[in-house]
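Here is the structure we will look at.
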Number of protein chains: 2
Amino acid sequence: MSTYHHGNLRTAVLKAASKILEKKGISGLSLRETARDAGVSHNAPYRHFPDRESLLAGIAAEGFSMLGEALKSSSGKAMGAAYVRFALVHPERFRLMFGGSLAVGKYPALREAADRAYQALVDSFRPHADAQQAQVAAAAAWSLVHGLSHLILDGHFAPAQRDAAGTENFVRQVLGGVRYLLGAQRSA
Amino acid sequence: MSTYHHGNLRTAVLKAASKILEKKGISGLSLRETARDAGVSHNAPYRHFPDRESLLAGIAAEGFSMLGEALKSSSGKAMGAAYVRFALVHPERFRLMFGGSLAVGKYPALREAADRAYQALVDSFRPHADAQQAQVAAAAAWSLVHGLSHLILDGHFAPAQRDAAGTENFVRQVLGGVRYLLGAQRSA
DNA sequence: ACCTGAACACCGTTCAAGT
DNA sequence: ACCTGAACACCGTTCAAGT
């Protein structure tokens, strides 16, 4: 039996790389191990990805699609909770997508995938506000759930979220706690 | 003249590493280059840091102190703006502190430094709310400015922030835009 | 569009043996 | 608490020469 890879190597490489990413994180993801796991020679991946960063960009692009799917069917606070849930279920992928290891500007496909996911958020504010307000509201909402995701992942709210139920509860509280910010702002 | 390092090598290593971090990012920061820039042999840093990750943790700890300083003398919306400004002035350090490359739990000094910076935020809500509300409000506020920092750094709000003035303005708008979230939440 | 196999420069980490 | 110097396993990337 030959080791020649027939079929979609690109997909096979992405799959192997995703698996390694989940287990070892971004810095633990190497092209050579990916190739080994995919059962191909160490430079076969170069047929589909010019360098390691491009492979990372490919995984990130997949992630933005997944995120878009996860957000599609909800709105309001439920959408925020879905965003955080996505981050917690796919922590390493989330960090790859948003950890700054990737120069988003260098990969048009990545930029577009990210913009599509964001657009879903902006649209969800359209019914409640004019275009200008929707933009600002969406930016604030995205910032809120995005920051919350990062901080939970990094363990900065440890006491409040010792288990999964605690986390869900905490997320709900924080998303609802926005109203406390207004009073503080007014009196500051 | 000897190459023997007299004085505080730990400080010298941190300084050299910070410089490399700023220029090449986290993945571009190597122990060996740090040692070269500090003018010592490639394994001298091991006297002060057991491995590369510990060096990163040291730089991050510095960062949390810097962040604490930057936030100390402000409150309310100004404090949020100061947080974002810190992220924009020290992008790579910010990403190191919050990018998940570091297991915060593994470094007590890091955890304490981070907690101290957070406590400043919680305290700033104390005058306006009871302890429970202050906790939730601080978590929401931190999430908001933290997410905003990340998203701006990653270039996800590019059209709104083409220059420094545009960015300052945008940050102010988003921090103020929190009120739009309430209407949307209520009607969602 | 894949393969093997060699090569290069670089890395983190660990020694042994010094001062 | 630092030094030199060697060593190991690993890496990304680039070849050359195949099928």
Side-chain angles (χ1 to χ4, degrees), chain A residues 1-60 92 96 99-103 106-107 110, chain B residues 1-60 92 96 99-103 106-107 110:
Chain A
M1 183 185 148
S2 145
T3 63
Y4 198 96
H5 193 277
H6 298 281
N8 200 335
L9 178 59
R10 194 191 140 89
T11 304
V13 164
L14 280 174
K15 199 171 165 183
S18 300
K19 210 163 187 172
I20 298 174
L21 174 68
E22 269 175 39
K23 225 190 336 190
K24 309 195 185 177
I26 300 167
S27 64
L29 172 58
S30 82
L31 264 176
R32 290 176 98 113
E33 189 180 356
T34 300
R36 279 195 298 272
D37 287 6
V40 298
S41 75
H42 72 268
N43 40 24
Y46 282 96
R47 292 294 124 199
H48 296 278
F49 304 97
D51 52 28
R52 180 179 182 270
E53 195 178 307
S54 298
L55 171 60
L56 295 182
I59 305 175
E92 294 300 339
L96 173 59
S101 347
L102 237 48
K106 266 176 65 184
Y107 303 93
L110 202 52
Chain B
M1 182 183 148
S2 145
T3 63
Y4 198 96
H5 192 276
H6 297 281
N8 201 335
L9 178 59
R10 194 191 140 88
T11 304
V13 165
L14 280 174
K15 199 170 162 182
S18 300
K19 209 162 187 173
I20 298 175
L21 175 69
E22 269 175 38
K23 226 191 334 189
K24 309 194 186 180
I26 299 167
S27 65
L29 172 58
S30 82
L31 265 176
R32 292 176 98 112
E33 187 180 358
T34 300
R36 281 195 296 271
D37 287 6
V40 298
S41 76
H42 72 268
N43 41 23
Y46 283 96
R47 290 295 123 199
H48 297 278
F49 303 96
D51 51 28
R52 180 177 181 271
E53 195 177 308
S54 298
L55 172 59
L56 295 182
I59 305 176
E92 295 299 339
L96 173 59
S101 346
L102 237 48
K106 268 176 64 183
Y107 303 91
L110 202 52

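Protein chains get the first letters and strands the later ones, always in sequence-line order, with residue 1 at the start of each.
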Donor-acceptor list for residues 52-60 of chain A side chains, cut-off 3.5 Å, not counting sequence neighbours:
from	atom 1	to	atom 2	distance (Å)
A:Arg52	NE	A:Leu29	O	3.0
A:Arg52	NH2	A:Ile26	O	2.8
A:Arg52	NH2	A:Leu29	O	2.8
A:Glu53	OE2	A:Lys106	NZ	3.3
A:Glu53	OE2	A:Tyr107	OH	3.2
A:Ser54	OG	A:Asp51	OD1	2.9

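If you take atom C1' in D:dA16 and the same atom in C:dC3, they sit 13 Å apart, rounded to whole Å.
Annotation for A:Gly28 and A:Ile20: closest pair O-CG2, 3.9 Å, computed over non-hydrogen atoms. Scanning all heavy atoms of the two residues, the minimum distance from A:Ala35 to A:Ser41 falls at CB-O, 3.5 Å.
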Steps toward side chain to side chain contact (heavy atoms under 4.5 Å, CB included) verdict (A:Thr34, A:Phe49): CA-CA 12 Å; A:Thr34 300; A:Phe49 304 97; over 6 Å; no
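The salt bridge (charged side-chain N to carboxylate O under 4.0 Å, His left out) check on A:Lys19 picks up nothing, with sequence neighbours excluded. Taking the side chain to side chain donor-acceptor pair (under 3.5 Å) definition, one finds that B:Ser18 meets it with B:Arg93, sequence neighbours left out.
Residue B:Asn43 holds its CG atom at 8.5 Å from CZ of B:Arg32, rounded to the nearest 0.5 Å. Separating the CD atom in A:Glu92 from the CD atom in A:Glu22 is a distance of 9.0 Å, to the nearest 0.5 Å. One finds the NE2 atom of A:His48 at 4.5 Å from the CG atom of A:Leu9 (value rounded to the nearest 0.5 Å).
Stems are defined here as 3 or more consecutive Watson-Crick or G-U wobble pairs with pairing distances under 3.5 Å; those involving DNA chain D are C:4-8 with D:12-16, C:12-16 with D:4-8.
Taking a 4.0 Å limit (strictly below) on heavy-atom distances, residues 26-36 of chain B reaches DNA chain C at B:Ser30, B:Leu31, B:Arg32, B:Arg36. Using a 4.0 Å cut-off on heavy atoms, the residues of residues 42-59 of chain A that approach DNA chain C are A:His42, A:Asn43, A:Ala44, A:Arg47, A:His48, listed by number.
Salt bridge present: A:Glu33 and A:Lys24 bring a charged side-chain N and a carboxylate O closer than 4.0 Å.
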